[in-house]
Undergrad: 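After the structure tokens below, expect a handful of questions from me.
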Amino acid sequence: MGVVILLIMLVGVGLMLTNKLPTAFALVLLGVSIALVTGAPLTGEASVLDTVLQEGAGGLAATMIAILLGSWLGKLLDETGIAGTLVRKIVEFGGDRPTVVALGVLAVSALVGTVTGSAPAAMLAGIIGIPAMIAVGVPKVTAAGTILMGLAAGLPFELPVWQFFSTALDLPIETVRGFMVKLFPFAAFFAVLFVLVETRRRGVEHAWSLRSVDPSAERRPSRRQRLGDAPWYALFTPVVPLVLALGLEVAIIPSLLAGVLFALVTTTRPREMNRRLLRTLYASFDVAAAPIVLFVAIGILLAAVRLPGAVEALEPLVRNVSPQNPVLFVLVFTALVPLCLYRGPLNVYGLGAGIAGVLIAAGIYPAIAVLGLTTSYNQVFGVADPTSTQTVWSAQYSGVSPQQVMLRTLPYVWAVALGGLTVTAALYL
């Protein structure tokens, strides 16, 4: 039976890789198929309809709310000009020094990355940051990679991500937060190293045009011309949720709500607050819809692989191929890093979530070790996967291909994953 489940998973991977089915649809199909082949009843306890579909669909509800709030805050950062002001101030400070400008944009990207992820975060930092970097001579591939490496540096402190791993792996937020603090130095170090090495290794390339930018946009008034810079005190908005959640250990959702209120109060006149709140909230649903659908599907898959029949069938197979020695753990899973690319089987926002569920449910590794494994891989996927929305947007906006960005950034994020796996093996195995 375990072999049959693995074959079903391989079919699911094939459907996702060949774009025969969207990832969310493929994950739901996988979850239902796994439940059926393990003999789960249609209704009742540990069943297809009641457990896998009903309970699984809402299993990550807290994560979905956190995603929505993060998207809401991201919309406010955009509409109020906070994100644009941060980037412009950094560019003005850097002048015509490519490395300084790139490091500044990297820092802003990391800050934005703590609020929201994916393409919206890349846009917040990149719409101004990428043209500014290219204008001072940063190569196009390096400019795109700088945005992505910055987002990855902020990823360990992205609060919706904390909520996802807490719920999916059934771990306290405190445990997730503790590991993310340990992962952050690796993400930050290699992000800075990327900028320092790539801006010097590639030399200066002055290029003012971007293939993805509409030339008529230059004739339209900019947001700065229409609204002006955001007040200096509003620029602390991205830090507010982080200080509350990391420093004061406030829960995730209240911390994000506090960031929303801070952005609103520091940038908006009282008579305009209601309209701005509603406008940005409704707009945030467009941004959050895709990840929310994905998390519904992941919840269904997790419920399926945690069924007693699935655990019993998969446990012997998974145990035989999972290294128990800490050194082998690091070596094997570091070598398998490419399997989280192209929506591969170790992508935590795909089949990787199901594999993580099996590793925990079957008792192969402690939950915190699976946390270290999945978050380390997530650092790679968030930067180098040519199918991820933030990578595609950053590459196209810079006038290069996602594959070029992948080849340039992969060695650095691979090293980040190695650091996270080493910490995991040293502390939790």
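Any value given below was found using the heavy atoms of this structure, including those in side chains, with hydrogens, waters and symmetry copies removed.
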Undergrad: Which heavy-atom pair separates Ala263 from Thr266 by the least distance, and what is that distance?
TA: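 In terms of heavy atoms, the two residues are closest at O-OG1, 3.4 Å.
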Undergrad: If we only count heavy atoms from C-beta on, is the Phe236 to Val243 side-chain gap below 4.5 Å?
TA: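 With C-beta onward as the side chain, the pair stays apart.
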Undergrad: Going through the checks in order, is the side-chain contact (heavy atoms from CB on, under 4.5 Å) test met by Leu281 and Leu277?
TA: CA-CA 6 Å; Leu281 175 59; Leu277 271 177; over 6 Å; no
Undergrad: Do the non-hydrogen side-chain atoms of Phe157 and Val181 ever get within less than 4.5 Å of each other?
TA: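 Answer yes - side chains close enough.
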Undergrad: What closest approach, in Å, do Ala303 and Gly56 show between heavy atoms, and which atom pair accounts for it?
TA: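 Heavy atoms only, the tightest pair is CB-CA, 3.9 Å.
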Undergrad: Would you check if Met123 and Asp78 make a side-chain contact, meaning some heavy-atom pair closer than 4.5 Å?
TA: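 Heavy-atom side-chain distance check fails, nothing below 4.5 Å.
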Undergrad: Where do Ile253 and Ala62 come nearest, in terms of heavy atoms and distance?
TA: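 Closest pair (atom of Ile253, atom of Ala62, distance): CD1-O, 4.4 Å.
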Undergrad: Tell me whether Gln390 contacts the main-chain N or O of Gly382 through its side chain, where contact means a donor paired with an acceptor under 3.5 Å.
TA: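 Such a contact is found between Gln390 side chain and Gly382 backbone.
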Undergrad: Measure up the Tyr397 and Trp393 rings against each other and bin them: parallel (under 30°), tilted (30 to 60°), perpendicular (over 60°).
TA: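 Parallel: the ring planes of Tyr397 and Trp393 meet at under 30°.
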Undergrad: Working note: Thr142 + Thr199, criterion side chain to side chain donor-acceptor pair (under 3.5 Å); need CA distance, chi angles, decisive distance, verdict.
TA: CA-CA 7 Å; Thr142 304; Thr199 54; over 6 Å; no
Undergrad: Closer than 3.5 angstrom, by distance alone: can the side chain of Trp414 be matched with the main-chain N or O of Ala335 as a donor-acceptor pair?
TA: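 Between the backbone of Ala335 and the side chain of Trp414 there is no qualifying donor-acceptor contact (under 3.5 Å).
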Undergrad: So do Val260 and Leu264 actually touch side chain to side chain, heavy atoms under 4.5 Å?
TA: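 Side chain of Leu264 against side chain of Val260, heavy atoms only: no contact under 4.5 Å found.
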Undergrad: The test is side chain to side chain donor-acceptor pair (under 3.5 Å); show your working for Thr167 and Gln163 and say whether it passes.
TA: CA-CA 6 Å; Thr167 308; Gln163 188 65 65; 3.2 Å; yes
Undergrad: Parallel under 30°, tilted from 30 to 60°, perpendicular over 60°: which one fits the rings of Phe295 and Phe164?
TA: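 The arrangement is tilted - the two ring planes meet at 30° to 60°.
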Undergrad: For Asp385, is there any backbone N or O sitting under 3.5 Å from a side-chain donor or acceptor partner on Thr391?
TA: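 Yes, because the side chain of Thr391 sits within donor-acceptor range (under 3.5 Å) of the backbone of Asp385.
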Undergrad: What I'd like to find out is whether the side chain of Leu148 reaches to under 4.5 Å of the side chain of Phe194, using heavy atoms alone.
TA: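 No. Closest side-chain heavy atoms not under 4.5 Å.
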Undergrad: Please step through side-chain contact (heavy atoms from CB on, under 4.5 Å) for the pair Lys140 and Gln404, ending with a clear verdict.
TA: CA-CA 10 Å; Lys140 292 180 179 180; Gln404 288 177 283; over 6 Å; no
Undergrad: Using a 4.5 Å cut-off on heavy atoms from C-beta on, say whether the side chain of Ile34 contacts that of Leu301.
TA: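 Yes, close enough: below the 4.5 Å cut-off.
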Undergrad: Tell me the closest heavy-atom pair linking Val380 and Ala417, and the distance in Å.
TA: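 So the two residues come closest at CG2-CB, 3.8 Å.
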Undergrad: Take atom CG in Asp286; do more than 12 heavy atoms of anything else shown fall under 6.0 Å from it?
TA: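 Yes, enclosed.
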Undergrad: Compare all side-chain heavy atoms of Ile173 with those of Glu249 and state whether any distance is below 4.5 angstrom.
TA: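 In short, these two side chains do not touch, never coming nearer than 4.5 Å.
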